[in-house]
Visitor: 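Please find one structure pasted underneath; my questions will follow.
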Amino acid sequence: MEAAVSISVLTSLAQVAPEDWDACACPEANDGRARDPFTTYRFLKALEDSGSVGAGTGWDPRYLVAEQEGQVIAVAPLYAKGHSQGEYIFDHNWAHALEGAGGRYYPKLQVAVPFTPATGRRLLTRPGHEVMGLSALIQGAVQLAAENELSSMHITFCTEAEALAGEQMGLMRRQTQQFHWLNESYGDFDGFLASLSSRKRKNIRKERQKAQAFGGTIRTLTGDEIKPAHWDAFWRFYQDTGARKWGTPYLTREFFEIVHRDMRNDIALVLAERDGHPIAGALNFIGRDVLFGRYWGCLEDHPCLHFEVCYYQAIDFAIRSGLARVEAGAQGEHKLARGYLPAPTHSLHWVADQGFAEAIKRYLVAERAAVEEDIEILTAYGPFRRDTQIEQD
């Protein structure tokens with residue numbers, strides 16, 4: 001008989017050993033880089049230690065830890081949410097509907113990486129314990145929500161395999177979309193351009209020329225090339241973007257200090273500088289096979305500089321680094337013309353009220369069909385050549 005699995009709910013990562021968490025979150029990092037940095041102990045602990053999550057933020061940690069015979073076999077970054085901000089899988093209409101009917105939507109539970117619309121595993125299992133670990137985490141999260149009479153539990157930006165497994169366990173599966181750039185073994189940026197239609201290729205070249213004409217230089221820094229002064233500049237960019245998009249930036253200044261100390265080898269920081277002073281920048285995190293674009297900001301507006309710093313520099317870095325994909329964050333059909341194609345993203349949902357759950361289930365079926373059709377149409381309008389011969393400019 002297989003030994004029983006116990007579930008603990010932790011309010012701080014300090015309550016679990018880093019090596020136990022990472023044995024589930026990123027076992028592949030033993031022989032290289034983590035598949036994605038966002039579920040690693042050091043990233044989630046940076047959010048916690050910096051005060052970016054915790055009291056007063058609406059993201060209260062309730063990390064799940066599954067143990068069997070004294071060994072941690074699975075973990076999940078779970079949070080009690082007092083709002084739906086910083087999630088990027090939008091359920092505001094669900095909240096309005098339930099509250100309009102006299103129910104209470106918040107608080108809810110969310111298995112997610114806060115403020116991070118990057119795809120990856122959310123139900124983190126030690127190798128050899130995948131089935132048991134995933135089942136224990138889902139059952140534990142649902143039970144926690146039910147026992148505390150919460151409206152719902154959500155698992156966002158999970159893998160397709162997790163979504164299908166969760167659906168088999170009775171959760172509702174949702175499909176949305178992002179725009180990702182795929183590396184088709186390009187030798188350099190010109191190799192990527194050669195795969196595009198002539199018109200799109202010329203347009204990108206014009207945009208890059210306009211961007212480079214801002215009067216300075218653009219460079220990408222990693223590891224020890226990144227200095228504390230660079231974070232001072234990026235913090236100003238981030239505050240400006242955060243104030244315009246969200247009203248209040250999600251991350252604290254201390255978060256970037258901790259990331260510099262513990263994660264600068266996982267960072268590709270693109271800076272546009274004039275006379276030695278940064279005027280714009282984009283922050284990317286480096287995964288094992290993926291570059292994750294996260295934040296952008298600027299102090300000055302220049303034509304096409306956003307496209308260059310966020311999208312084209314990311315493509316260039318991915319090609320040079322042999323990365324398979326660039327994820328450029330949430331939304332943005334403007335990314336299509338720049339070589340980023342629509343890709344499905346996945347989430348799972350449990351809702352306590354059965355009548356409300358049935359209504360959401362019907363909505364998700366219709367939404368999934370619409371998303372799949374949208375992906376098909378947008379892909380057909382992509383910038384890539386339809387023929388097998390390289391066109392001449």
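This is a predicted model, so every value here is computed, not measured.
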Visitor: Roughly how far, to the nearest 0.5 Å, is CZ of R122 from CD1 of I138?
Guide: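 Result: 14.0 Å between the selected atoms.
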
Visitor: Determine whether a donor-acceptor pair (N or O, by modelled atom type, separation under 3.5 Å) exists between the side chain of H230 and the backbone of K227.
Guide: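 Here the side-chain-to-backbone pair exists.
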
Visitor: Determine whether Y88 and T116 make a side-chain contact, defined as any pair of heavy atoms from C-beta on separated by less than 4.5 Å.
Guide: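 Not touching, per the 4.5 Å side-chain cut-off.
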
Visitor: Please report the C-alpha distance between I7 and V65 in whole Å, then the side-chain angles of each, then the deciding distance to 0.1 Å, and finally whether the side chain to side chain contact (heavy atoms under 4.5 Å, CB included) criterion is met.
Guide: CA-CA 6 Å; I7 292 282; V65 176; over 6 Å; no

Visitor: Under a 4.0 Å threshold between the charged nitrogen and the carboxylate oxygen, would R201 count as salt-bridged to D190?
Guide: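 Not counted as a salt bridge, because no side-chain N and carboxylate O are separated by less than 4.0 Å.
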
Visitor: What's the spacing between I315 CD1 and L193 CG if we round to 0.5 Å?
Guide: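 The CG atom of L193 is 8.5 Å from CD1 of I315, to the nearest 0.5 Å.
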
Visitor: So if I apply the side-chain hydrogen bond (donor to acceptor under 3.5 Å, both in side chains) rule between Y311 and each of H334, R338, E207, which one comes out positive?
Guide: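 Running side-chain hydrogen bond (donor to acceptor under 3.5 Å, both in side chains) over H334, R338, E207 with Y311 returns exactly one hit, H334.
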
Visitor: Could you check if a side-chain atom of R368 sits within less than 4.5 angstrom of a side-chain atom of V365, using non-hydrogen atoms only?
Guide: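 Yes, their side chains come closer than 4.5 Å.
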
Visitor: Check whether any side-chain N or O of T252 sits under 3.5 Å from a backbone N or O of G51 as a donor-acceptor pair, and report yes or no.
Guide: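 No, the answer is negative, given that no donor and acceptor are paired below the 3.5 Å cut-off.
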
Visitor: Do you know which of D316, I218, L283 makes side chain to side chain contact (heavy atoms under 4.5 Å, CB included) with V270?
Guide: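 One option only clears the test, and that one is I218.
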
Visitor: Classify the angle between the aromatic ring planes of W235 and Y238 as parallel (below 30°), tilted (30 to 60°) or perpendicular (above 60°).
Guide: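 Tilted: the ring planes of W235 and Y238 meet at 30° to 60°.
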
Visitor: What I want to find out is whether E333 reaches K335 closely enough, with some N-O distance under 4.0 Å, to be called a salt bridge.
Guide: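 Salt bridge absent between E333 and K335.
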
Visitor: State, without any angle test, whether Y105 and H83 hold a side-chain donor-acceptor pair at a distance under 3.5 Å.
Guide: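 Distance-only check fails for Y105 and H83.
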
Visitor: Would you say that more than 12 heavy atoms from the other residues, nucleotides or ligands in this model lie under 6.0 Å from the OH of Y381, or not?
Guide: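 No - once you tally the heavy atoms of other residues, nucleotides and ligands closer than 6.0 Å, there are 12 at most.
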
Visitor: Could you state whether L341 and F189 fall into the same hydrophobic cluster, counting links through intermediate Ile, Leu, Val, Met, Phe, Trp or Tyr residues with side-chain heavy atoms under 4.5 angstrom apart?
Guide: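 Result: yes, single cluster for both.
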
Visitor: Considering only NZ, NE, NH1 and NH2 on the basic side and carboxylate oxygens on the acidic side, decide whether R320 and D188 come within less than 4.0 Å.
Guide: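 No, no charged N to carboxylate O under 4.0 Å.
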
Visitor: Could you go step by step and tell me if R104 and D353 meet the salt bridge (charged side-chain N to carboxylate O under 4.0 Å, His left out) rule?
Guide: CA-CA 11 Å; R104 186 183 68 170; D353 184 280; over 6 Å; no

Visitor: Are R205 and R208 close enough that some pair of their side-chain heavy atoms sits under 4.5 Å apart?
Guide: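 The answer is no; the side chains never approach within 4.5 Å.
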
Visitor: Do the side-chain N and O atoms of Y63 and Q15 include a donor-acceptor pair separated by under 3.5 angstrom?
Guide: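 Checked: Y63/Q15 side chains show no N/O donor-acceptor pair below 3.5 Å.
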
Visitor: My understanding is that only residues two or more places apart in sequence, or in another chain, count here; which of them pass salt bridge (Lys or Arg N to Asp or Glu O under 4.0 Å) with D91?
Guide: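 With sequence neighbours excluded, D91 shows a salt bridge (Lys or Arg N to Asp or Glu O under 4.0 Å) to K108, given in chain and number order.
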
Visitor: Mind checking the OG1-CG spacing from T220 to N284? Nearest 0.5 Å is all I need.
Guide: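 Nearest 0.5 Å value for the OG1-CG distance: 7.5 Å.
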
Visitor: Is the number of heavy atoms from other residues, nucleotides or ligands within 6.0 Å of CD (Q168) greater than 12?
Guide: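 Open.
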
Visitor: State, to 0.1 Å, how close P37 and G287 come at their nearest heavy-atom pair, and which atoms those are.
Guide: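 Heavy atoms of P37 and G287 come nearest at CD-CA, 4.2 Å.
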
Visitor: Measure across A97 and F356 and return the closest heavy-atom pair with its distance rounded to 0.1 Å.
Guide: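 Looking at all heavy atoms of both residues, the shortest contact is CB-CE1, 4.1 Å.
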
Visitor: OG1/T222 to CZ/R264 distance, rounded to the nearest 0.5 angstrom?
Guide: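 If we round to the nearest 0.5 Å, T222:OG1 and R264:CZ are 11.0 Å apart.
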
Visitor: Tell me yes or no: between the side chains of Q175 and T345, is some donor less than 3.5 Å from an acceptor?
Guide: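 Q175 vs T345: no donor-acceptor pair found between side chains.
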
Visitor: When you measure from the side chain of E162 to the backbone of L123, do you find a donor-acceptor pair of N or O atoms at a distance under 3.5 Å?
Guide: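 Checking the backbone N and O of L123 against the side chain of E162, a donor-acceptor pair under 3.5 Å is found.
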
Visitor: Looking at K45, I'd like to know if its NZ atom is crowded, meaning that more than 12 non-hydrogen atoms belonging to other residues, nucleotides or ligands lie closer than 6.0 Å.
Guide: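 For K45, atom NZ is crowded (more than 12 foreign heavy atoms under 6.0 Å).
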
Visitor: Taking atom CG of D301 and atom CG of L305, what is their separation to the nearest 0.5 Å?
Guide: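 The CG atom of L305 is 9.0 Å from CG of D301, to the nearest 0.5 Å.
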
Visitor: Walk me through whether Y250 and W59 qualify under ring-ring contact (aromatic ring centres under 6.0 Å, His included).
Guide: CA-CA 11 Å; Y250 293 135; W59 288 84; 8.1 Å; no

Visitor: Quick one: does any side-chain atom of E327 pair with a main-chain N or O of T119 as donor and acceptor, under 3.5 Å?
Guide: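 A pair under 3.5 Å: yes.
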
Visitor: Under the ring-ring contact (aromatic ring centres under 6.0 Å, His included) rule, what do F292 and F38 come out as? Steps first, then yes or no, please.
Guide: CA-CA 10 Å; F292 298 94; F38 302 119; 5.2 Å; yes

Visitor: Donor-acceptor check, side chain of K81 to backbone of Q85, threshold 3.5 angstrom: yes or no?
Guide: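 Confirmed, K81 side chain pairs with Q85 backbone.
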
Visitor: Any ion pair linking D266 and R33 (charged N to carboxylate O, less than 4.0 Å)?
Guide: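 Salt bridge: yes.
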
Visitor: What's the spacing between R261 CZ and F256 CZ if we round to 0.5 Å?
Guide: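 The CZ atom of F256 is 15.0 Å from CZ of R261, to the nearest 0.5 Å.
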
Visitor: Could you tell me if E308 and H306 have a donor-acceptor pair between their side chains, going purely by distance under 3.5 Å?
Guide: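 Absent: no donor and acceptor within the cut-off.
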
Visitor: Please determine whether side chain to side chain contact (heavy atoms under 4.5 Å, CB included) holds for the pair L171 and H349, giving the CA-CA distance in whole Å, both sets of side-chain angles, and the decisive distance to 0.1 Å.
Guide: CA-CA 6 Å; L171 274 61; H349 308 271; over 6 Å; no

Visitor: Could you tell me whether a side-chain N or O of N183 sits under 3.5 Å from a main-chain N or O of Y186, the two making a donor and an acceptor?
Guide: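 Confirmed, N183 side chain pairs with Y186 backbone.
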
Visitor: Minimum heavy-atom separation for F255 to F43, with atom names?
Guide: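 So the minimum-distance heavy-atom pair works out to CZ-CE1, 3.8 Å.
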
Visitor: Is any side-chain heavy atom of R121 less than 4.5 Å from a side-chain heavy atom of R35?
Guide: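 They are in contact (side-chain heavy atoms under 4.5 Å apart), so the answer is yes.
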
Visitor: Backbone N or O of L144 within a donor-acceptor pair of the N148 side chain at under 3.5 Å?
Guide: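 Yes, N148 side chain to L144 backbone: donor-acceptor pair under 3.5 Å.
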
Visitor: Tell me whether M263 shares a hydrophobic cluster with F234, the cluster being built from Ile, Leu, Val, Met, Phe, Trp, Tyr side chains joined at under 4.5 Å.
Guide: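 They do share one cluster, since a chain of ILVMFWY contacts under 4.5 Å joins M263 to F234.
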
Visitor: Given side chain to side chain contact (heavy atoms under 4.5 Å, CB included), test V72 with W21 step by step and report yes or no.
Guide: CA-CA 8 Å; V72 173; W21 183 278; over 6 Å; no

Visitor: Using only atom types and a distance under 3.5 Å, with no angle test, would you say the side chain of T57 pairs donor to acceptor with the backbone of G54?
Guide: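 Checking the backbone N and O of G54 against the side chain of T57, a donor-acceptor pair under 3.5 Å is found.
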
Visitor: Considering non-hydrogen atoms only, spot the tightest contact between R219 and L221 and give its length.
Guide: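 Of all heavy-atom pairs spanning R219 and L221, the closest is NH1-CD2, 3.7 Å.
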
Visitor: Please report the shortest heavy-atom distance between L348 and G166, naming the atom on each side.
Guide: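 For L348 and G166, the tightest heavy-atom pair comes out as CD1-CA, 3.8 Å.
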
Visitor: Got a salt bridge between R288 and E28, using NZ or NE/NH1/NH2 to carboxylate O under 4.0 Å?
Guide: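 Result for this pair is no, no salt bridge flagged.
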
Visitor: Would you say the side-chain atoms of R42 pair up with the backbone N or O of I258, donor to acceptor, closer than 3.5 Å?
Guide: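 Between the backbone of I258 and the side chain of R42 there is no qualifying donor-acceptor contact (under 3.5 Å).
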
Visitor: Run the side chain to side chain donor-acceptor pair (under 3.5 Å) check on S195 and E184 step by step: do they pass?
Guide: CA-CA 9 Å; S195 70; E184 301 292 347; over 6 Å; no

Visitor: Would you indicate whether the side-chain heavy atoms of Y363 and N93 approach each other to under 4.5 Å?
Guide: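 Not touching, per the 4.5 Å side-chain cut-off.
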
Visitor: Does any N or O in the side chain of S50 come within less than 3.5 Å of the main-chain N or O of L47, such that one atom is a donor and the other an acceptor?
Guide: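 Yes, because the side chain of S50 sits within donor-acceptor range (under 3.5 Å) of the backbone of L47.
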
Visitor: So which of K361, R174, R173 actually passes salt bridge (Lys or Arg N to Asp or Glu O under 4.0 Å) with E367?
Guide: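 For E367, the salt bridge (Lys or Arg N to Asp or Glu O under 4.0 Å) test succeeds with only one of K361, R174, R173, which is R174.
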
Visitor: More than 12 non-hydrogen atoms from neighbouring residues, nucleotides or ligands closer than 6.0 Å to CZ on R274, yes or no?
Guide: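 More than 12 within 6.0 Å, yes.
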
Visitor: Between V290 and V326, does the side chain to side chain contact (heavy atoms under 4.5 Å, CB included) criterion hold? Intermediate values first, please.
Guide: CA-CA 6 Å; V290 183; V326 178; over 6 Å; no

Visitor: Where is the tightest heavy-atom contact between V53 and P61, given as atom of each residue plus distance?
Guide: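 Heavy atoms of V53 and P61 come nearest at CG2-CG, 4.3 Å.
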
